[in-house]
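Worksheet: one structure, shown below.
Note: hydrogens, waters and symmetry copies are ignored here, and every other heavy atom, side chains too, is used. Note that the structure is a prediction, hence the values are computed from the model and not measured. In what follows, every chain begins at residue 1, and chains take the letters A, B, ... in the order their sequences are listed.
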Amino acid sequence: MHDLRMVREHIDALRAGMRRRGALEVLAPAIDRAVTLDKSRRDTIQAVEERKAARNAVSQQVGQRKRAGESADDLQQQSRALGDEIARLDRELAETERELSSILLELPNVTLDSVPGGGEESNVVVRTWGQPREGVRVEPHWEVGARLGLIDFERGAKISGSGFIVFRGAGARLVRSLMNLMLDVHTREHGYEEIWVPVVVNRASMIGTAQLPKFEEDMYALKDEDAFLIPTAEVPLTNLYRDEILPESELPKAMTAYSPCFRREAGAAGKDTRGLLRVHEFDKVELVRYATPETSGQQLELLTAHAEKILQLLQLPYRVVQLASGDTGFASAQTYDLEVFASGVGKWLEVSSCSNFTDFQARRANIRYKPADGGKPRFVHTLNGSGLAFPRIIAALLEHHQQPDGAIVVPEALRGYLGAERLT
RNA sequence: GGACAGGUGGCCGAGUGGUUGAAGGCACCGGUCUCGAAAACCGGCAUACCGGUGAACCCGGUAUCGAGAGUUCGAAUCUCUCCCUGUCCGCCA
């Protein structure tokens, strides 16, 4: 969410930001409307507060007279009239603020100046690691998974629906191993606090991290309560300190959590849905950091490196892609995608999206810190990234580490957890 | 799910329908004292929004005592609904 001052004083920057996202045309009317509403909001506030001040003064006089045993009928009459006006103006104000905030909640963040303009075609590969296997025939993961009895797609679909996966045997153990490896590395080597979170969150949390209101149709909603299944542990982790003020000494704050993630993937039907590529429920270890505005840029580099470390340990070739403005997510100001190469599918698969949200989420979720120099509380900057998402990692493992004899070589770092060097 | 008891500032805690943004204490910050520290004493110490020239400082105003609605000239204080916490009972992994 943007500061109202942005609308009032930096409207050109806001428009330019929307243009860089390629969204100005669609959003221009909303921005114009916000400007109008902001003006009328302030006018109404002035009018209503003036009357409230008058009423407070009159009421005090009533009190004085009554204590003196005098009648105050005339003043009460006056106060009642003011009260009626106040009620009317308050309703007007509430309506204005409701509309204004609904507009503000649906405007995306502005990307940083360092982010290239344009759409997906302007994304930049900033580095690659490892060597993709190309020109070799590799069995796709859904075939390997079925052949080795690691994944039971049919029964997953039977008990839950398409896009729900059953892992079994060494496959199930692989999921558990990935969880332990990632959490161990992030807590022991990267200094994150391990958190175990609820997977059901309330509406305020979903608004805080900006899944709502815009993406409600992508969320699994509970039927009897105003609550949702989390699409990522980002939601509970980032909202952990919602409506709180942290001392600056606690920054940067680093938290990690494993969680299942639930996504309806509305409108994505038929696109890259084969095997494990796009599913409705999956597992993920998430990294979240809070930082000061001055350090959030470096913090993003750090967080991205932490996610990359896992790919290196798994010996999977990957590339880091700096997303262009138009391809950057709604709440993000800057995003690096980590893409792993799956040699069976023959594609780069996104396994992590590392973002700096600047104060966009912090403003929605009201997460602030008290500066060490004693100044006014400021909004923190929030960052997060997957570290990493399991299904595509499993796909890449089953494809990249596949041997000519069809066996899968387990990367060194995973062997202790999995208790095997090869899957056959 | 049922029955009680509660939700007040960073924390503890007082609060009568009327100068209560809210006594008192703790914590914290500044000062006096001290060679230094402790103690003692003095002072300061919420947030958001609106306005006063844009910014800093400052000044004025409004709102905030779990949330919302109501009664009233006036609500932390009365009424209703909801949320949350505690205790007991029931149920349950």
Side-chain angles (χ1 to χ4, degrees), chain A residues 1-14 34-101 103-105 196 198-208 222 224-228 236 239-251 253 260 293 359 362-380:
Chain A
M1 185 165 62
H2 296 285
D3 192 343
L4 259 182
R5 267 189 291 273
M6 186 80 177
V7 171
R8 198 174 307 150
E9 295 161 17
H10 306 288
I11 190 71
D12 292 336
L14 184 62
V35 172
T36 306
L37 289 168
D38 171 54
K39 179 74 174 85
S40 97
R41 168 178 176 268
R42 282 179 295 149
D43 290 345
T44 308
I45 285 175
Q46 269 184 266
V48 75
E49 287 191 349
E50 194 176 290
R51 285 161 181 77
K52 282 181 177 173
R55 183 179 64 180
N56 287 347
V58 172
S59 287
Q60 238 172 54
Q61 289 176 41
V62 172
Q64 283 168 10
R65 280 212 207 164
K66 293 222 163 164
R67 267 192 306 270
E70 298 166 19
S71 155
D73 289 352
D74 54 329
L75 292 177
Q76 290 184 27
Q77 184 71 30
Q78 200 181 331
S79 181
R80 204 174 295 126
L82 283 167
D84 290 343
E85 272 191 87
I86 289 167
R88 179 180 60 78
L89 289 166
D90 265 341
R91 273 195 301 276
E92 194 179 310
L93 181 61
E95 176 53 33
T96 302
E97 293 194 327
R98 197 199 54 73
E99 191 187 346
L100 184 56
S101 97
I103 289 175
L104 252 30
L105 287 172
W196 192 274
V199 299
V200 172
V201 296
N202 57 31
R203 179 172 292 270
S205 294
M206 292 290 265
I207 289 172
L222 270 58
D224 296 319
E225 281 162 76
D226 196 18
F228 304 82
N239 277 285
L240 215 52
Y241 291 89
R242 173 152 50 82
D243 292 322
E244 294 192 38
I245 302 175
L246 298 157
E248 183 172 351
S249 56
E250 285 194 34
L251 302 179
K253 181 171 270 300
D359 62 1
R363 182 170 281 113
R364 290 174 164 242
N366 191 27
I367 306 163
R368 292 175 292 171
Y369 74 96
K370 184 97 177 152
D373 65 15
K376 292 251 175 208
R378 306 169 71 194
F379 289 111
V380 301

[atom1] gap between [N] and [M], integer Å:
N      : M      : atom1 : value
A63(B) : G70(B) : P     : 16 Å
A22(B) : C45(B) : C1'   : 15 Å
U20(B) : A76(B) : C1'   : 9 Å
G25(B) : G44(B) : P     : 13 Å
G9(B)  : G21(B) : C1'   : 9 Å
G90(B) : G74(B) : P     : 49 Å
G86(B) : U77(B) : C1'   : 23 Å
A40(B) : U47(B) : C1'   : 33 Å

May I have the distance from [X] (atom [atom1]) to [N] (atom [atom2]), rounded to whole angstrom?
X         : N      : atom1 : atom2 : answer
Arg378(A) : U47(B) : CZ    : P     : 15 Å
Gln77(A)  : G74(B) : CD    : P     : 12 Å
Asp226(A) : C82(B) : CG    : P     : 16 Å
Leu89(A)  : A63(B) : CG    : C1'   : 15 Å
Glu244(A) : C11(B) : CD    : P     : 10 Å
Leu93(A)  : U62(B) : CG    : P     : 16 Å
Asn202(A) : A67(B) : CG    : C1'   : 13 Å
Lys52(A)  : G74(B) : NZ    : P     : 12 Å

Check your understanding: Nearest of G74(B), G61(B), G18(B) to any side-chain atom of Arg55(A)?
Key ->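 Closest nucleotide among those given: G74(B).
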If we call it a pair only when both distances are under 3.5 Å in a Watson-Crick or G-U wobble match, what pairs with [N]?
N      : result
G51(B) : C59(B)
C28(B) : G44(B)
A93(B) : none
C4(B)  : G86(B)
U77(B) : none
U34(B) : none
U19(B) : none
A14(B) : none

Check your understanding: Of all residues at least two apart in sequence or in a different chain, which pass the side-chain contact (heavy atoms from CB on, under 4.5 Å) check with Leu37(A)?
Key ->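 With neighbours one apart ignored, the set is Arg33(A), Thr96(A), Glu99(A), Leu100(A), Ile103(A).
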Exercise for review: Check side-chain contact (heavy atoms from CB on, under 4.5 Å) between Arg91(A) and all other residues, then give those that pass, not counting sequence neighbours.
Suggested key: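 Scan of Arg91(A) (side-chain contact (heavy atoms from CB on, under 4.5 Å), adjacent residues dropped) gives Ala87(A), Arg88(A).
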Practice item. Under 4.0 Å between any heavy atoms, over every strand shown, what does Val58(A) touch: base, sugar-phosphate, or nothing? Just pick one. Key: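 It contacts nothing in the nucleic acid.
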Check your understanding: Just to confirm, is there a sub-4.0 Å distance from OP1 or OP2 of G74(B) to any side-chain nitrogen or oxygen of Asn56(A)?
Key ->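 Checking Asn56(A) against G74(B): no side-chain N or O falls below 4.0 Å of OP1 or OP2.
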Hey, are [X] and [Y] close enough for a salt bridge, meaning a charged N less than 4.0 Å from a carboxylate O?
X        : Y        : value
Arg51(A) : Asp90(A) : no
Lys52(A) : Glu49(A) : no
Arg42(A) : Asp38(A) : yes

**Study point:** Short side-chain to backbone donor-acceptor contact, Arg364(A) and Ile207(A), under 3.5 Å
**Key:**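 Yes.
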**Study point:** Any side-chain heavy-atom pair of Leu93(A) and Arg41(A) under 4.5 Å
**Key:**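 Leu93(A) vs Arg41(A): side chains touch.
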Review point. If each of Gln76(A) and Gly63(A) is mapped to the nucleotide of RNA chain B with the nearest heavy atom, which maps nearer the 5' terminus, i.e. the 5' end?
Key: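 Mapping each residue to its closest nucleotide by heavy atoms, the 5'-most match is Gly63(A).
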Can you check nucleotides 48-55 of chain B for protein contacts, nitrogen or oxygen pairs under 3.5 Å, and list what you find?
from   : atom 1 : to        : atom 2 : distance (Å)
A48(B) : OP1    : Arg368(A) : NH1    : 3.2
C49(B) : O2'    : Arg41(A)  : NH2    : 3.3
C50(B) : OP1    : Arg8(A)   : NH2    : 3.1
C50(B) : OP1    : Arg41(A)  : NH1    : 3.4
G51(B) : OP1    : Arg42(A)  : NH1    : 3.3

Review point. Are side-chain N/O atoms of Asn202(A) and Ser205(A) paired as donor and acceptor at under 3.5 Å?
Key: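 Checked: Asn202(A)/Ser205(A) side chains pair up, N/O donor to acceptor below 3.5 Å.
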Review point. Is the CD atom of Glu70(A) crowded by more than 12 outside heavy atoms at less than 6.0 Å?
Key: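 It does: Glu70(A) CD has more than 12 such atoms within range.
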